[in-house]
Amino acid sequence: MKHNIIVIGFMGVGKGTLARSFAKEYGVYNIDTDDLIESKENRKISKIFEKFGEDYFRALEQDTADWLEKSVKGTLISCGGGFYKVNNLKKIGKVVLLDASFDWIYNRLKNSANAEAKFAKRPLFQDLKKAKALYKERSKQYKKVAHYVVNVEELGEKKAIKEIAKLCKVKS
Ligand code: S3P
């Protein structure tokens with residue numbers, strides 16, 4: 001894979017899970033922007049929000065984007081739900097929006113094995129009404145910055161992976 005593929009989308013849509021399956025199937029490496037930030041700061045995302053606030057976290061996302069643009073090639077990059085706001089997103093690689101309805105996302109998280117932890121680690125998914133408003137606000141913006149939109153709710157994970165590979169011309 002020559003270019004990077006960047007998977008964006010709302011919290012809990014399954015970017016990380018899909019990216020790991022994709023990486024295994026197509027023999028590429030997957031890195032995750034939240035993991036990069038946590039390792040650089042040596043703190044969990046929830047702690048970074050708690051201690052330094054959201055603006056500080058957003059600045060870390062921009063630093064990460066700058067580093068990715070300069071230093072990373074041929075990699076599948078899964079992103080935090082707000083990473084799409086960095087100012088060089090399309091310079092990093094092909095941007096794929098993993099799309100689904102808010103209800104599907106909420107049920108996916110709620111019905112997962114460790115649902116409580118999945119909500120707890122996401123500071124912006126603590127309040128259902130606020131999360132829904134954020135989803136509404138971001139839906140159009142995600143589509144604006146994406147090269148491709150793949151609907152995982154309609155396709156399911158397996159077909160979504162195949163579709164991404166096809167769109168981004170990744171051969172198995
Ligand atoms: C955020 C999404 C989170 C994480 C942080 C902020 C957002 O990542 O980056 O809590 O602004 O949507 P996930 O999309 O993996 O939950």
Side-chain angles (χ1 to χ4, degrees), residues 4-20 22-23 30-72 75-110 112 115-153 160 164:
N4 294 317
I5 300 175
I6 308 162
V7 182
I8 63 164
F10 201 69
M11 291 174 275
V13 73
K15 292 160 290 187
T17 311
L18 175 136
R20 283 188 293 276
F22 187 109
N30 159 231
I31 56 179
D32 183 274
T33 61
D34 280 347
D35 291 346
L36 290 169
I37 290 170
E38 286 189 344
S39 71
K40 186 158 179 287
E41 292 288 292
N42 194 19
R43 271 198 182 88
K44 293 283 176 201
I45 302 293
S46 55
K47 288 285 173 215
I48 299 172
F49 267 74
E50 207 180 295
K51 223 169 151 56
F52 303 109
E54 183 171 345
D55 289 352
Y56 180 82
F57 175 74
R58 298 300 172 205
L60 290 173
E61 289 193 312
Q62 185 60 59
D63 291 347
T64 307
D66 294 342
W67 176 76
L68 288 168
E69 184 189 341
K70 251 200 296 188
S71 311
V72 176
T75 299
L76 180 64
I77 303 164
S78 47
C79 300
F83 193 84
Y84 75 98
K85 285 184 187 165
V86 298
N87 60 24
N88 55 340
L89 190 72
K90 281 186 165 158
K91 286 190 188 153
I92 302 172
K94 287 286 172 209
V95 183
V96 177
L97 167 63
L98 199 59
D99 202 19
S101 67
F102 183 82
D103 287 347
W104 185 87
I105 290 171
Y106 178 66
N107 284 318
R108 178 180 177 274
L109 285 178
K110 208 179 67 180
S112 65
E116 225 171 276
K118 294 223 160 118
F119 285 109
K121 74 171 195 180
R122 297 186 159 98
L124 302 179
F125 219 133
Q126 301 304 304
D127 179 302
L128 189 57
K129 263 195 186 157
K130 280 188 189 161
K132 211 168 185 169
L134 190 63
Y135 175 91
K136 220 174 148 194
E137 182 191 315
R138 281 183 179 172
S139 289
K140 273 191 203 145
Q141 299 173 22
Y142 282 140
K143 285 185 182 135
K144 252 190 212 163
V145 298
H147 290 112
Y148 306 116
V149 179
V150 172
N151 193 309
V152 66
E153 178 175 0
I164 295 170

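For the numbers below, each heavy atom of this structure counts, side chains included, while hydrogens, waters and symmetry mates do not.
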side-chain contact (heavy atoms from CB on, under 4.5 Å) filter on Arg122, not counting sequence neighbours, yields Met11, Leu109, Lys118, Phe125

Looking at OG of Ser78 and CG of Asp32, how far apart are the two atoms once the value is rounded to the nearest 0.5 Å?
3.5 Å

When rounded to the nearest 0.5 angstrom, what is the spacing between CG in Leu60 and CG in Asp34?
10.5 Å

Would you please test Arg108 and Val152 for side chain to side chain contact (heavy atoms under 4.5 Å, CB included) and show each step?
CA-CA 12 Å; Arg108 178 180 177 274; Val152 66; over 6 Å; no

Are any non-hydrogen side-chain atoms of Trp67 and Val72 less than 4.5 angstrom apart?
yes

I need the Lys15 NZ to Ile6 CD1 distance, nearest 0.5 Å.
13.0 Å

In terms of heavy-atom contacts, does CG of Asn87 have more than 12 from other residues, nucleotides or ligands at under 6.0 Å?
yes

Quick check against the 3.5 Å criterion: does Glu153 have a side-chain atom that pairs as donor or acceptor with the backbone of Asp99?
no

How long is the straight-line distance from CG of Leu89 back to CG of Leu68, given to the nearest 0.5 Å?
10.0 Å

Do you know the tightest heavy-atom contact between Ile92 and Ala65?
CD1-O, 3.8 Å

For Lys110 and Asn107: C-alpha separation, side-chain torsions, deciding distance, then whether side chain to side chain contact (heavy atoms under 4.5 Å, CB included) applies.
CA-CA 5 Å; Lys110 208 179 67 180; Asn107 284 318; 3.8 Å; yes

Do you know which two heavy atoms are closest between Phe49 and Pro123, and how far apart they sit?
CG-CG, 3.5 Å

Aromatic plane relationship, Tyr135 with Phe102 - under 30° parallel, 30 to 60° tilted, over 60° perpendicular
perpendicular

Stepwise, does the side chain to side chain contact (heavy atoms under 4.5 Å, CB included) test hold for Phe57 with Ile45?
CA-CA 8 Å; Phe57 175 74; Ile45 302 293; 3.4 Å; yes

Is there a side-chain contact between Phe83 and Ile77 (heavy atoms, below 4.5 Å)?
no

Quick one: closest heavy-atom pair of Ala100 and Asn151, and the distance?
CA-OD1, 4.4 Å

At their closest point, which heavy atom of Asp103 faces which heavy atom of Lys132, and how far apart are they?
OD1-NZ, 4.2 Å

Just so I know, are the side chains of Leu128 and Tyr106 near enough to count as touching, which here means a heavy-atom distance under 4.5 Å?
yes

Atom CZ in Phe22, atom CG in Asn30: separation rounded to 0.5 Å?
10.0 Å

Just wondering, more than 12 heavy atoms not from Lys130 lying within 6.0 Å of its NZ?
no

Is a side-chain N or O of Glu69 found less than 3.5 angstrom from the main chain of Lys91, in a donor-acceptor match?
no

Counting C-beta onward and ignoring hydrogens, is there a side-chain heavy-atom pair between Arg43 and Ile37 closer than 4.5 Å?
no

Run the numbers on Val86 and Arg58 for side chain to side chain contact (heavy atoms under 4.5 Å, CB included), then give the verdict.
CA-CA 8 Å; Val86 298; Arg58 298 300 172 205; over 6 Å; no

Testing the basics here: between Cys79 and Thr33, what is the closest heavy-atom pair and its distance to 0.1 Å?
CA-OG1, 3.3 Å

Minimum side-chain heavy-atom gap Tyr84-Val95 below 4.5 Å:
no

Which value, rounded to the nearest 0.5 Å, describes the distance between Lys143 atom NZ and Lys140 atom NZ?
10.0 Å

Looking only at non-hydrogen atoms, find the nearest pair between Glu38 and Lys44 and report the distance.
OE2-CA, 3.4 Å

